[in-house]
Amino acid sequence: MADFRVRFAPSPTGYLHVGGARTALFNWLFARRQGGTFILRIEDTDVDRSRPELTEAVLEALKWLELDWDEGPYFQSQRLESYRALAQQLRQSGHAYPCFCPPEELEQRRQAAEKRGKPWKYDGRCRRLSPQEAAARQDQPHALRFRVPEGGQTAFEDLVYGRVAVAHEEIEDFVLLRSDALPTYHLGVVADDLEMRITHVIRGADHLSNTPKQILLYQALERPAPLFAHVPLILGPDRTRLSKRHGATSVTAYRDDGFLPEAFRNFLALLGWSPGDDTERMPTRELIRRFSLQQVSRTNAVFDHSKLEWFNAGYLRHQPLEEILPYVEQELRRRGLWQAEWGGAGRDWFARAVDLLRPRVHLLTDFSRWARAFFTDQFDYDQAAIQKFLQHERLAELLPTLREELAGLKEWSHDEIEKAVRGVAERAGVKAALLINASRVGLTGQGVAPPLFETMELLGQATVVSRLQRLIDSLPGLIRSV
RNA sequence: GGCGCCAUGGUGCAACGGUUAGCACGGCAGUCUUUCAAGCUGCAGAUCCGGGUUCGAUUCCCGGUGGCGCUACCA
């Protein structure tokens, strides 16, 4: 296996959003597919905007996504000497020069130019300083700029976008080292990708236009550049860049909302990539097996929340039951609904409950909200359900009968329960649905729940009888007073 | 403004010169039914516009339009 080395290099200036998560996923899939190495690097050289707790948040998000890294995390803030050494090398070889222009002045000139509708580019004022002059001003504050070649262009072959070329005329002498001696992005990535022997740079297409700058750096250093694969951006529903406005910012919000990491990965993988045919549901194993940069699209994609939900519901429904039990357990624990016995003697009961519920669940949080009554006696009757199923005038008379009938059952099984319920209805001359629907509300608090007889069987005779009694007792207060 | 990239139904993807332009999500309708899902069946819905090249363009080329990105001593 070729020793492919890729990296995910977020900067801790914000949470890990879906765009970053997708970039991380593609890098990870590529590494796992190729038997390569996936490296995590934190680009925290912007001391003003980087926050340590955000690094933690990013790591937490990656862990939730189960994108495990083989090396790192490396921190750029701990590797500053490397960048300075490289900068020094560039300066000595004449590829970089000190710039004494005050940032505020540059900013003013840029804005003035923009105002007049003129394209602004650093005019290379300090580029022409003689070595003697530069040396004489050495103790004045200065940045280090890269000396972009005068004519021609720089091109590279992107693994996704194909050949991309930018004329040197369009590239200004960009800063490598700021006047506080911290590296800028371009110097940092190149230095690190070099030192970490990165073979494939897989990152967002927002870096496409700037890649020639980095190629130029590799050339100046006389080192081979890695291969580049830019991936299209993920947009919000309004086709603009994803931001806080579009709801969940951090991918951990999706965890909190009740999504399964595997479903999330599956959905994310299909944003900007396809296996080449119409296959959609692909467990991670298959994602790894089929992933290829050649199938990455060049078109920005819109994040479709309802499709994500569809994936999640599908995984909840179709994964082997054993695999989703831990997630449901976690959800119940988080809501304080977990009973210790379900981890032991009651494991089987818990599994049956989850299995009964999962066909109509979309999110893990549905287990603790919608299906709450399956795990605790503390639940309310849903208002819409009350109006829809508890208003029939004969319920006050029939429910006690039903409760008696069920309480007297010798064998508590689906079929016996069904026989009993239908028997009461028949003798009373009403449709079984009347009792079934009312009972469902009484037992689950919901108008929508799993089939009733299975539900009763699962909940057990004692619980069913006492919940029916509770319903009977509260019925007068639930009747619409007209 | 300049430069770069992109352009298939509302959304995500297929079709890499020849198909009645396919699949999925979502929508609508039917079916099933014990509520609601699921399942099954069906319906509506797309090649941005204009020129070329070609026997033939969704596909290749050019122009336009639109979107996005870059244009910082941010990354």
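Chain letters run A, B, ... following the sequence lines, proteins first, then strands; residues in each count from 1.
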Can you see whether [Y] has [X] sitting over its ring - NZ or CZ less than 6.0 Å from the centre and within 45° of the normal?
X         : Y         : answer
Arg125(A) : Tyr122(A) : no
Arg22(A)  : Phe264(A) : no
Arg128(A) : Tyr97(A)  : no

Considering every strand and a 4.0 Å limit on heavy-atom distances, what is the contact class for [X]: base, sugar-phosphate, or nothing?
X         : answer
Gly276(A) : sugar-phosphate
Glu172(A) : sugar-phosphate
Glu43(A)  : sugar-phosphate
Thr299(A) : sugar-phosphate
Leu271(A) : sugar-phosphate
Pro232(A) : nothing
Ala385(A) : nothing
His207(A) : base
Ala301(A) : sugar-phosphate
Arg110(A) : sugar-phosphate
Arg317(A) : sugar-phosphate
Asn437(A) : sugar-phosphate
Thr45(A)  : sugar-phosphate
Gly188(A) : nothing

Whole-Å gap separating [atom2] ([N]) and [atom1] ([X]):
X         : N      : atom1 : atom2 : answer
Phe303(A) : G26(B) : CZ    : P     : 15 Å
Leu16(A)  : A75(B) : CG    : P     : 19 Å
Gln446(A) : U35(B) : CD    : C1'   : 11 Å
Glu169(A) : U71(B) : CD    : P     : 18 Å
Leu235(A) : G67(B) : CG    : C1'   : 8 Å
Leu452(A) : U34(B) : CG    : P     : 12 Å
Asp46(A)  : C74(B) : CG    : C1'   : 5 Å
His168(A) : G4(B)  : NE2   : P     : 14 Å

Query raised in the report: Side chains of Tyr185(A) and Asp46(A): donor-acceptor distance under 3.5 Å anywhere?
Result: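 On atom types as modelled, these side chains do not qualify, holding no pair under 3.5 Å.
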Is there, by distance only and without an angle test, a donor paired with an acceptor across the side chain of [X] and the base of [N] below 3.5 Å?
X         : N      : value
Ser179(A) : C73(B) : yes
Arg298(A) : C6(B)  : no
Asp304(A) : G12(B) : no

Should [N] form a Watson-Crick or G-U wobble pair with both distances under 3.5 Å, which nucleotide is its partner?
N      : answer
G50(B) : C62(B)
U8(B)  : none
C3(B)  : G69(B)
C40(B) : G30(B)
C13(B) : G22(B)

Requested in this report: Kindly say if Arg239(A) contacts the phosphate of G12(B), meaning a side-chain N or O under 4.0 Å from OP1 or OP2.
Outcome: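 Result: yes.
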Query - Arg145(A) vs C73(B): side-chain N/O to OP1/OP2 distance below 4.0 Å - result: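 Checking Arg145(A) against C73(B): at least one side-chain N or O falls below 4.0 Å of OP1 or OP2.
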Query raised in the report: With ring centroids as reference points, do His305(A) and Phe267(A) lie under 6.0 angstrom apart?
Result: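 No; Phe267(A) has its ring centre 6.0 Å or more from that of His305(A).
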**Report entry** Pair His414(A) and Phe453(A), ring centroids less than 6.0 Å apart
**Finding:**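 Yes; Phe453(A) has its ring centre under 6.0 Å from that of His414(A).
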Integer angstrom distance from the [atom1] of [N] to that of [M]:
N      : M      : atom1 : result
G67(B) : C32(B) : C1'   : 45 Å
G63(B) : C40(B) : C1'   : 50 Å
U20(B) : G27(B) : C1'   : 24 Å
A21(B) : C28(B) : P     : 28 Å
G50(B) : U59(B) : P     : 13 Å
G69(B) : C36(B) : P     : 44 Å
A57(B) : U8(B)  : C1'   : 14 Å
U41(B) : C55(B) : P     : 44 Å

Query raised in the report: Considering heavy-atom distances to RNA chain B, does Pro359(A) or Glu107(A) have its closest nucleotide positioned more toward the 5' end?
Result: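 The residue mapped nearer the 5' terminus is Pro359(A).
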Query raised in the report: Toward the 5' end of RNA chain B, which comes first, Phe453(A) or Phe267(A), by nearest nucleotide?
Result: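 Its nearest nucleotide being more 5', the pick is Phe267(A).
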So does [X] pair up with [Y], basic N to acidic O under 4.0 Å?
X         : Y         : answer
Arg109(A) : Asp123(A) : yes
Glu405(A) : Arg427(A) : yes
Arg422(A) : Glu426(A) : no

